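This report concerns only the one structure given below.
Everything quoted here is computed from the prediction, not taken from an experiment.
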Amino acid sequence: MPEYRAVRQHYSLIEICKNPEVAAEVTIAAAEALGVDAAIIFADLLLPLEVMGVPFHFSPGEGPVIEKPLREKADIARLRTDRAADLGYVSESVRLVGKHFGTALPVIGFCGAPFTLASYMIEGGGSRNYLHAKRMMYSSPGAWDELLAKLVTVVSEYATDQVTAGADVLQIFDSWVGCLSVEDYRRYVLPRTTELVQGLQKSGVPIIYFGTDSATLLPSMKETGAEVIGLDWRIPLDQGWRSVGHDRAVQGNLDPALLFASWKELKARADDILHRAGGRPGHIFNLGHGILPETPVENVKALTQFVQEHSAKTTFTPE
């Protein structure tokens, strides 16, 4: 969005995150310009790493780079779990956005899932095969579990503080979890992720748990107890919903690349997703992953209006 690009001329991504007034400004501007039904706070997935003693920076064209990846047990032993309060700038951003919208628009807080954050810390950045993370998972399961436990401690406090500040729902992003087999997910990831989800539920807000390339993992992801399971675009929405059960809500699942298509094609694909949802209560229409750079803003606005108009006239008849 041009409004965001103008802000980025003066601030880096991390500088925006750490300046609550600016982070609130870009959050509010996007929600109001696009006409969406909720505002997700502007923050970065990796912010908790810094307070644990794992500095990172953003490299142009490469994304986040962990300056000293964790590769040994001693690296994990040195991680701190007592500085989550230092992330209070995110909660302050939530408070400012909530104050602006009042009861007119809910605010979504978010955090990274233990597996995805751990993988970033070990790999040192993006990865194709997650070799270093999986090597630790398989060869040093005790160290791996200690890392996940420490992440749960920090992320739980961080995300709960967002609720205290006014977040109406929390979304947990497990962006890399799709690289795992069902067996590995259940053995090495599900227990600590469940601990995080159920701990955050004590804050009193619903939890959305989202992973990418996770079609085979959906029945297991349901076991975390999250009220909402995110679906990416690789599985038809109705099939994905059956996998997690209709006692849960689902979020998804338009391919973000379709926002670059013609309106005719985009509308047809959105209509197909809505048709598969069938008006059943509990579908949050969303993209199947994050929005891409250079996305035509007018397509996003048109899509939002189309979904809202469809929802207003949709009724659900149980079978």
Side-chain angles (χ1 to χ4, degrees), residues 1-6 8 26-27 29-40 42 45 61 63 105-106 108 110 126 128 171 173-179 208-218 221 228-244 246 248-317 319:
M1 294 178 62
E3 297 91 338
Y4 174 67
R5 291 172 185 264
R8 280 299 303 272
V26 296
T27 300
E32 291 185 338
L34 300 176
V36 291
D37 298 311
I40 187 162
F42 186 95
L45 210 64
L105 209 67
I108 304 172
F110 77 91
R128 290 177 62 89
Q171 177 154 328
F173 284 87
D174 219 348
S175 308
W176 287 1
V177 75
C179 74
I208 304 169
Y209 178 34
F210 169 71
T212 58
D213 207 7
S214 56
T216 58
L217 302 178
L218 291 175
M221 292 172 69
V228 187
I229 301 297
L231 307 175
D232 74 5
W233 68 92
R234 297 174 179 88
I235 186 169
L237 186 118
D238 51 347
Q239 182 180 334
W241 208 341
R242 285 194 298 270
S243 292
V244 301
H246 291 134
R248 304 297 167 92
V250 293
Q251 175 180 279
N253 64 338
L254 186 78
D255 185 341
L258 277 163
L259 288 168
F260 292 81
S262 67
W263 171 242
K264 180 180 179 181
E265 180 67 16
L266 173 58
K267 180 181 177 181
R269 296 295 193 93
D271 191 59
D272 179 67
I273 291 170
L274 293 166
H275 176 75
R276 291 177 184 276
R280 183 184 298 277
H283 173 220
I284 303 169
F285 188 98
N286 208 331
L287 302 181
H289 198 263
I291 198 163
L292 300 167
E294 312 299 334
T295 295
V297 177
E298 292 307 313
N299 273 0
V300 184
K301 293 179 179 179
L303 174 65
T304 301
Q305 184 176 354
F306 172 73
V307 173
Q308 289 167 339
E309 291 173 351
H310 180 279
S311 300
K313 60 186 180 183
T314 297
T315 58
F316 172 66
T317 303
E319 295 177 357

Residue pairs passing the salt bridge (charged side-chain N to carboxylate O under 4.0 Å, His left out) test where at least one lies in residues 268-277, sequence neighbours excluded | Asp238-Arg276, Glu265-Arg269, Asp272-Arg276
What pairs with Ile108 under side chain to side chain contact (heavy atoms under 4.5 Å, CB included), at least two apart in sequence or on another chain?
-> Ala38, Ile40, Val169, Gln171
Smallest separation among heavy atoms of Gly288 and Asp232, with atom names = O-CB, 3.3 Å
May I ask you to decide if the ring planes of Phe42 and Tyr4 are parallel, tilted or perpendicular, using 30° and 60° as cut-offs?
-> tilted
Leu218 and Ile229 have their tightest heavy-atom pair at CD2-CG2, 3.8 Å
Thr295: what forms a side chain to side chain contact (heavy atoms under 4.5 Å, CB included) with it, not counting sequence neighbours?
-> Leu259, Phe260, Ile291, Leu292, Val300
Roughly how far, to the nearest 0.5 Å, is the SG atom of Cys179 from the CG atom of Asp213?
-> 9.0 Å
So, Asn253 side chain and Ile235 main chain: donor-acceptor pair closer than 3.5 Å or not?
-> yes
Write out all pairs satisfying salt bridge (charged side-chain N to carboxylate O under 4.0 Å, His left out) with one or both partners inside residues 299-314, taking only residues at least two apart or from two chains.
-> Glu298-Lys301
Verify, without hydrogens or angle tests, whether Ser243 (side chain) and Gln239 (backbone) share a donor-acceptor contact under 3.5 angstrom.
-> yes
For atom NE2 of His275, is the number of surrounding heavy atoms from other residues, nucleotides or ligands below 6.0 Å larger than 12?
-> no
Set of salt bridge (Lys or Arg N to Asp or Glu O under 4.0 Å) partners for Asp255, sequence neighbours left out = none
Would you call the rings of His283 and Phe285 parallel, tilted or perpendicular, where under 30° means parallel and over 60° means perpendicular?
-> perpendicular
Atom pair OG (Ser214) and CH2 (Trp176), whose distance is rounded to the nearest 0.5 Å = 16.0 Å
Among all residues two or more places apart in sequence or in another chain, which pass the side-chain hydrogen bond (donor to acceptor under 3.5 Å, both in side chains) test with Asp174?
-> Thr116, Tyr209
Using 30° and 60° as the class limits, which term best fits the ring planes of Trp233 and His289: parallel, tilted or perpendicular?
-> perpendicular
Quick check: does any side chain N or O of Thr304 sit under 3.5 Å from a backbone N or O of Gly35, one acting as donor and the other as acceptor?
-> no
